[in-house]
Structure formats: structure tokens, C-alpha cells
Amino acid sequence: MNAIKCECGHVNPIGTILCEACGSPLTEEAKKQQLYDMRYEGSGLRSKTYHKTIVDEVWNFFSSVKIGVIFIVLTLIATAVGTIFPQQNYIPSNIDPASYYKQEYRIFGELWYKLGFQNLYGSWWYLLLIAMIGVSLVICSLDRFIPLRRALQHQKVSKHAGFFKKQRLYAEKEGLLDDHTYFIIIEKLKAKHYHIREEDGNLLAEKNRFSRWGPYVNHISLIIFLIGCMLRSVPGMYVDELVWIREGEKKVLPGTQNKYVLQNRHFTVQVYSKKHDNHNYSAAITKAGKVAKNFQTDVVLYKQNSQHMLGENGHLQKIKSFSIQVNKPLTFDHYAIYQSDYKLHELYTMTFALENKHTQRKHGTITINLYNPKEVYLLENGYQVNLLGYYPSFTGFAKNGEPQTNSYIPNNPAFIFSLVSPIHPEGEKSFVSIQKTIEPSGNNDFKLKFVRATTRNVSALTVRKDLTLWFLAVGGAIFMIGVVQGAYWNHRRIWLKRENCGMAAAAHTNKNWFGFQRELRTIFSEVNIDFIDQHCKKINY
């Protein structure tokens with residue numbers, strides 16, 4: 001396929017319908033058109049011209065507006081599906097996700113989890129949809145922007161006679177247009193901020209060409225926005241993690257590449273009081289019982305050498321102490337730690353006394369750390385307690401008789417002990433849970449009697465970091481520029497041809513034809529000329 005040379009001498013790219021310079025029709029189809037389609041100035045779009053290679057087919061596929069809309073609709077549907085149930089990031093971190101969705105939402109939650117929708121926004125297929133939208137935007141923009149810019153850049157003042165007659169707004173008048181009237185028309189065009197070009201008795205008045213680029217500016221902003229969304233899946237760019245830290249505990253903050261450690265020194269919660277607080281809260285306090293006024297976590301932030309494990313002495317560098325409150329986060333190194341939730345009086349230790357059931361004599365006590373229990377607890381005079389099994393959140397027995405637990409959090413702790421004594425050196429088996437003791441081997445001579453328990457408060461903190469906000473903000477700002485650019489200005493052009501036998505004029509705008517027609521009335525008020533809107537009706541000036 002060769003380039004197309006017009007009779008005016010201009011060489012047009014392959015696929016051009018109207019000559020970029022003079023507007024002369026270059027195809028039989030264009031010659032038969034009643035009105036010219038001026039969306040792309042009759043330029044040859046690549047997607048409409050090349051259909052030979054695989055590259056052409058891929059280009060044509062993504063340059064289709066319908067395909068782009070389909071990708072957007074699919075992404076919107078997927079996004080909506082992801083909001084049906086909470087994403088895994090927003091469920092309690094101490095619960096197995098599969099159990100949570102099945103328990104809370106029954107068969108629908110179980111199916112939702114099996115389909116992988118609990119991490120929908122980070123799934124490969126969701127990110128692929130976003131990438132497809134980006135590719136479609138890029139190719140759609142290039143396919144249309146480059147030919148349009150080229151056509152507008154090469155347009156000549158002198159136009160083919162047929163070009164005038166196939167514009168939507170067209171006018172002609174017999175008789176010579178005198179210089180005085182012509183000068184008045186030019187002055188009015190300048191007053192309306194038109195850029196004037198003249199050539200051989202022909203005139204081209206044009207303004208606000210930049211408004212044609214508004215949609216492409218919007219495309220650029222959307223591409224930047226989509227890049228920001230996809231960067232959220234890149235490690236270190238976006239963090240939104242929930243971490244539960246108990247009083248006195250140190251934990252490596254998730255999402256910080258083992259760089260920062262946080263210690264919960266103390267947790268405090270204050271509630272509203274009918275006596276001391278505003279009486280407006282009385283109704284809410286009466287209805288809810290207790291309403292939190294403030295809850296905060298006093299923490300110490302440390303920085304550690306990533307080559308060492310948490311707990312190794314001498315490798316934690318204190319950064320700062322801080323009291324984290326609701327809407328008052330701890331900020332550092334682009335991270336923010338927010339107070340999200342809390343749990344009061346979580347079991348921490350349980351103390352039991354080894355007692356002879358017949359004599360009620362005690363042979364010592366053992367204290368079990370429910371988060372780090374030992375296997376052997378030695379007592380005096382040959383007595384000891386061996387921990388054979390620990391079930392932090394006991395839910396019952398399986399069919400084979402094995403005790404079960406659904407969490408490592410000690411919500412309902414249960415134990416299997418071996419009670420070793422001089423009388424029973426082989427040990428007596430005992431299953432102990434809250435308010436329940438089972439002796440598998442029969443009636444034991446010894447038992448573990450509950451003495452006391454200690455609790456501690458737990459604070460739920462959200463770790464957030466978002467380095468993609470700049471992309472989203474810049475994309476949003478550019479999008480607004482494109483909206484204003486395309487919505488508040490119109491690309492308007494007026495062609496005028498002076499001849500001895502009379503004059504001809506044509507006008508075109510990319511939108512707001514009614515406003516353009518009113519402007520034409522003002523500009524041509526000195527001339528007895530009829531502009532015809534060939535699309536709908538005749539307009540008199």
C-alpha cells in the first residue's frame with residue numbers, strides 16, 4: 001500500500017479519507033457522503049488501515065472502544081464482587097480465613113473463599129484486568145491522537161470547493177464581498193479570540209484547538225492512576241496490615257521487611273461516665289452500657305538489624321516512645337500505626353496446684369504461660385507435671401477422641417497432663433479444661449486444682465504505608481485538567497472563500513453547536529448571508 005497524493009500536491013498517509021491539507025475527498029465513499037465526519041479530520045487510523053500481521057490484529061483488538069468498555073465493565077463487576085464479604089485483610093488475624101468465611105456466611109462464604117475472592121484485589125486476574133484497561137487506553141489514544149494531530153497541523157487555509165458544501169454549517173452569497181465588510185468580519189473574529197490565517201482570498205479562523213486534546217489528557221491521567229493501583233501489589237509500596245500486640249510484648253511490624261519492632265508497654269481504655277461527662281451522652285450510655293471515650297496504646301518503637309532475629313540482645317535501637325490513640329497515629333519512615341481495636345483481659349497465665357485427692361495435701365504449684373508453655377514442670381520430693389497436649393481454644397473432641405482447637409489464642413484453654421509422683425512414677429493421665437476434668441485411666445490419686453489466672457490487654461494496631469498516593473493524586477489532578485480542558489472550551493473553525501462571483505463560508509465545532517450558531521450570528525451580522533445547518537435546519541443571520 002502506498003501513500004496517497006492529493007491533487008493539491010499534499011502526500012497523505014495510507015488510509016486517509018480527506019486530504020489533510022485541502023480537505024478534498026480521497027475515496028469514493030467520502031465523495032458519496034452527504035456530510036463529512038470531522039471527528040478525526042478524515043485521517044487514516046492505523047486500526048482501520050492495517051489488517052495483515054499479528055501485531056495489526058493485536059493493535060486493532062485493543063484500539064476498539066467496545067473492547068475497552070468491556071474491560072472496564074468486567075473490572076467494575078469484579079470490584080463489586082470483592083465488596084460482598086470483607087477481604088482477608090479486614091478479618092481478625094487470629095482466625096483461620098476458611099473457617100471464618102464458612103462460619104460467618106455459610107455456603108456462600110465457603111464458595112467465595114474457594115474461588116479466591118478473599119484476596120480479590122491482589123489476585124493475578126484482577127491485576128491483569130487493570131493492565132488490559134491500561135493497554136487499551138494507551139493504544140486507543142495513540143491510534144487516534146497521532147493522526148488527528150497530524151491532520152490539524154497540516155491543514156491549509158484554502159479548501160476544496162466540495163469541502164465547504166459537506167460541512168454541517170454552510171453558507172454562500174452571490175456578489176462581491178467588499179473590503180470594508182471583510183475587515184469588519186476579521187475584527188469581530190479577533191474580538192472572539194480567533195487565530196486568523198489568510199491565503200489567496202481565503203480565510204481560516206480557528207480557536208481553542210487545545211480542547212481537542214482533553215480526552216487524551218484524561219487517558220494519560222487514567223493510565224497514571226492505574227499504574228498507581230498496580231504498584232500497590234509491589235512489596236514495599238503499599239502496606240495495610242493488622243497486628244495484635246499484647247501488653248509487654250514485642251513484635252516485628254508486618255510490611256516493614258523485619259526492620260521495625262514495636263513494644264506494647266501499656267494499654268488504656270476510658271469510658272464515658274454519666275456523672276462526669278456531657279449529659280447528651282446519657283441516652284447512649286444507658287443503651288450501650290459502656291461507650292469507649294478513648295483507648296490508647298503506649299508503645300516503644302525500635303529499629304533492628306534485619307540480619308538478626310527478634311530477641312537477640314543488643315540489636316534493637318530505640319527510635320521513639322509514643323501514645324497511639326484513635327486518629328492520632330504513630331508516623332515514621334512513610335509508615336503510620338493506627339489504633340484500631342482492643343481486647344480486654346485476655347488469659348495470659350494459669351496456675352494449678354498438684355493436690356492429693358484423698359488427703360487434700362498440696363505438693364506445689366505450677367504456672368503455665370499460655371503463649372509459651374513448657375513441657376515439664378518440676379516440683380519438690382519427686383513430684384512433677386508433664387504437659388502432653390495443649391489446646392488454646394478447645395472446641396470439643398473429634399470422632400477419634402482427639403481434642404480439637406481452632407485458634408492459638410487461649411480463649412478456652414485445655415490441657416492433657418501426666419501427673420508424676422512417688423506413688424505413680426509412670427504418671428497419671430488427666431485432661432483439664434475450664435470447669436471440666438477427665439481422667440482417662442480411671443480415678444486418679446492426684447489432681448490439678450485451679451488456683452488463679454492472670455490476664456493482659458491486647459491492642460489491635462493497623463500498619464499502613466502508601467507510596468502510591470502520589471500517583472493517585474497526580475492522576476486525579478491531571479484528570480480534572482482534562483475534564484476542564486475538554487468541557488469548557490470548544491474547538492471552533494470558520495472557513496471563508498472570496499471570489500468575484502460571490503463568497504462561500506463553512507463552520508465546524510467539536511461540540512456545542514447551538515452556542516457556535518449564536519456566535520456566528522454576531523460575527524456575520526454585517527453580511528446578508530444564510531448559514532444552513534445541513535444536519536437539522538436553516539438558520540438565518
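All values reported here derive from a predicted model rather than from experimental measurement.
Taken to the nearest 0.5 Å, the OH atom of Tyr121 stands 11.5 Å off from the SG atom of Cys229. Annotation: the span from Leu129 atom CG to Thr79 atom OG1 amounts to 8.5 Å, rounded to 0.5 Å. Note: Asn294 CG to Gln339 CD = 8.5 Å, rounded to the nearest 0.5 Å. We find the CG-CD1 distance between Leu520 and Ile523 to be 5.5 Å, quoted to the nearest 0.5 Å. A distance of 9.0 Å separates OG of Ser221 from CD1 of Ile481, quoted to the nearest 0.5 Å. The CG atom of Leu469 sits 11.5 Å away from atom CG of Leu231, with the distance rounded to the nearest 0.5 Å.
Side-chain atoms of Asp178 come within 3.5 Å of backbone N or O of Thr181 as a donor-acceptor pair. Side chain of Lys465 to main chain of Met237: no donor-acceptor pair is present (N/O by atom type, distance under 3.5 Å, no hydrogens or angles). Within the 3.5 Å criterion, the main-chain N or O of Trp244 finds a donor-acceptor partner in the side chain of Lys251. Asp143 places a side-chain N or O within donor-acceptor distance of the main-chain N or O of Arg46, the cut-off being under 3.5 Å. Side-chain atoms of Asp56 come within 3.5 Å of backbone atoms of Thr53 as a donor-acceptor pair (strictly under, hydrogens ignored). The backbone N or O of Gln34 lies less than 3.5 Å from no partner atom in the side chain of Gln534, so there is not a single donor-acceptor pair. Without hydrogens or angle criteria, Ser141 side chain to Leu137 main chain gives a donor-acceptor distance under 3.5 Å.
Side-chain N/O atoms of Ser158 and Asn202 include a donor and acceptor closer than 3.5 Å. Under the 3.5 Å distance criterion, with hydrogens and angles disregarded, no donor-acceptor pair is assigned to the side chains of Ser407 and Ser393. In this structure, a donor-acceptor pair under 3.5 Å is absent between the side chains of Glu241 and Thr462. Using modelled atom types and a 3.5 Å distance limit, the side chains of Gln517 and Asp533 yield a donor-acceptor pair. Judged by distance alone, the side chains of Glu206 and Gln155 do bring a donor and an acceptor atom under 3.5 Å apart. A donor-acceptor contact closer than 3.5 angstrom is absent between the side chains of Asn264 and Thr297.
Ring planes of Phe62 and Phe71: parallel class, angle under 30° (limits at 30 and 60°). Ring planes of Trp213 and Phe145: perpendicular class, angle over 60° (limits at 30 and 60°). Between Phe524 and Phe531, the ring planes are tilted. Angles from 30° to 60° get that label. Ring orientation note: the planes of Tyr216 and His219 are nearly perpendicular, at an angle over 60° on the 30°/60° scale.
A salt bridge links Arg150 with Glu20: the closest approach of a Lys/Arg side-chain nitrogen to an acidic carboxylate oxygen falls below 4.0 angstrom. Ion pairing of Arg464 with Asp240 is present here, as a side-chain N (NZ or NE/NH1/NH2) and a carboxylate O approach within less than 4.0 Å. One finds a salt bridge joining Asp179 and Arg498 here, because a Lys/Arg side-chain nitrogen approaches an Asp/Glu carboxylate oxygen to under 4.0 Å. By the 4.0 Å N-to-carboxylate-O rule, Glu29 lies too far from Lys32 to be salt-bridged with it. In summary, Glu110 and Arg106 do not engage in a salt bridge, as defined by a charged side-chain N under 4.0 Å from a carboxylate O. Ion pairing of Glu519 with Lys207 is present here, as a side-chain N (NZ or NE/NH1/NH2) and a carboxylate O approach within less than 4.0 Å.
Across all non-hydrogen atoms, the minimal contact from Asn208 to Asn490 is CB-O, 2.9 Å. Shortest non-hydrogen contact noted between Ser63 and Asn60 is OG-O, 3.0 Å. For Gln304 against Val261, the heavy-atom pair with the smallest separation is CD-CG2, 3.7 Å. Heavy-atom minimum distance, Val483 versus Asn218: N-ND2, 3.3 Å. The heavy-atom pair separating Lys188 from Ser525 by the smallest distance is NZ-OG, 2.5 Å. Between His160 and Gly23, the shortest heavy-atom distance links the atoms CB-C, 4.5 Å.
Using a 4.5 Å heavy-atom threshold, the side chains of Glu7 and Ser24 count as touching. Between Tyr113 and Leu115 the shortest side-chain heavy-atom distance does not fall below 4.5 Å. Put simply, the side chain of Asp333 reaches to within 4.5 Å of the side chain of Tyr260, judged on heavy atoms. Using a 4.5 Å heavy-atom cutoff, the side chains of Lys250 and Val299 are not in contact. At least one side-chain heavy atom of His154 sits less than 4.5 Å from a side-chain heavy atom of His10. Side-chain contact between Ser64 and Ser47 is absent, with no heavy atoms from C-beta onward closer than 4.5 Å. A 4.5 Å side-chain heavy-atom check between Val65 and Arg144 finds at least one atom pair inside the cut-off. The shortest side-chain heavy-atom distance between Met132 and Ser136 does not fall under the 4.5 Å cut-off.
With a 6.0 Å radius and a threshold of 12 heavy atoms from other residues, nucleotides or ligands, His180 has its NE2 atom at or below the threshold. Surrounding CZ of Phe163 are more than 12 heavy atoms belonging to other residues, nucleotides or ligands, all under 6.0 Å away. Other residues, nucleotides and ligands place no more than 12 heavy atoms under 6.0 Å from the CH2 atom of Trp124. The local environment of CZ in Phe210 is crowded, with over 12 non-hydrogen atoms from other residues, nucleotides or ligands closer than 6.0 Å. The 12-atom threshold is exceeded at NZ of Lys511, counting heavy atoms of other residues, nucleotides or ligands nearer than 6.0 Å.
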Inset, instruction - Go through Lys192 and Glu187 one step at a time and tell me if the salt bridge (charged side-chain N to carboxylate O under 4.0 Å, His left out) criterion holds. - result: CA-CA 9 Å; Lys192 295 292 184 180; Glu187 290 301 314; over 6 Å; no
Inset, instruction - Carefully, step by step, assess Arg212 and Glu41 under the rule salt bridge (charged side-chain N to carboxylate O under 4.0 Å, His left out). - result: CA-CA 12 Å; Arg212 296 288 288 272; Glu41 305 296 308; 3.5 Å; yes
Inset, instruction - Output, in order, the C-alpha distance, side-chain angles, deciding distance and verdict of ring pair (Phe, Tyr, Trp, His ring centres under 6.0 Å) for His508 and Trp513. - result: CA-CA 8 Å; His508 181 269; Trp513 289 89; 5.5 Å; yes
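Aromatic rings from Phe108 and Tyr105 are positioned such that their centres are separated by 6.0 Å or more. In this structure, Trp495 has its ring center at least 6.0 angstrom away from the ring center of Phe164.
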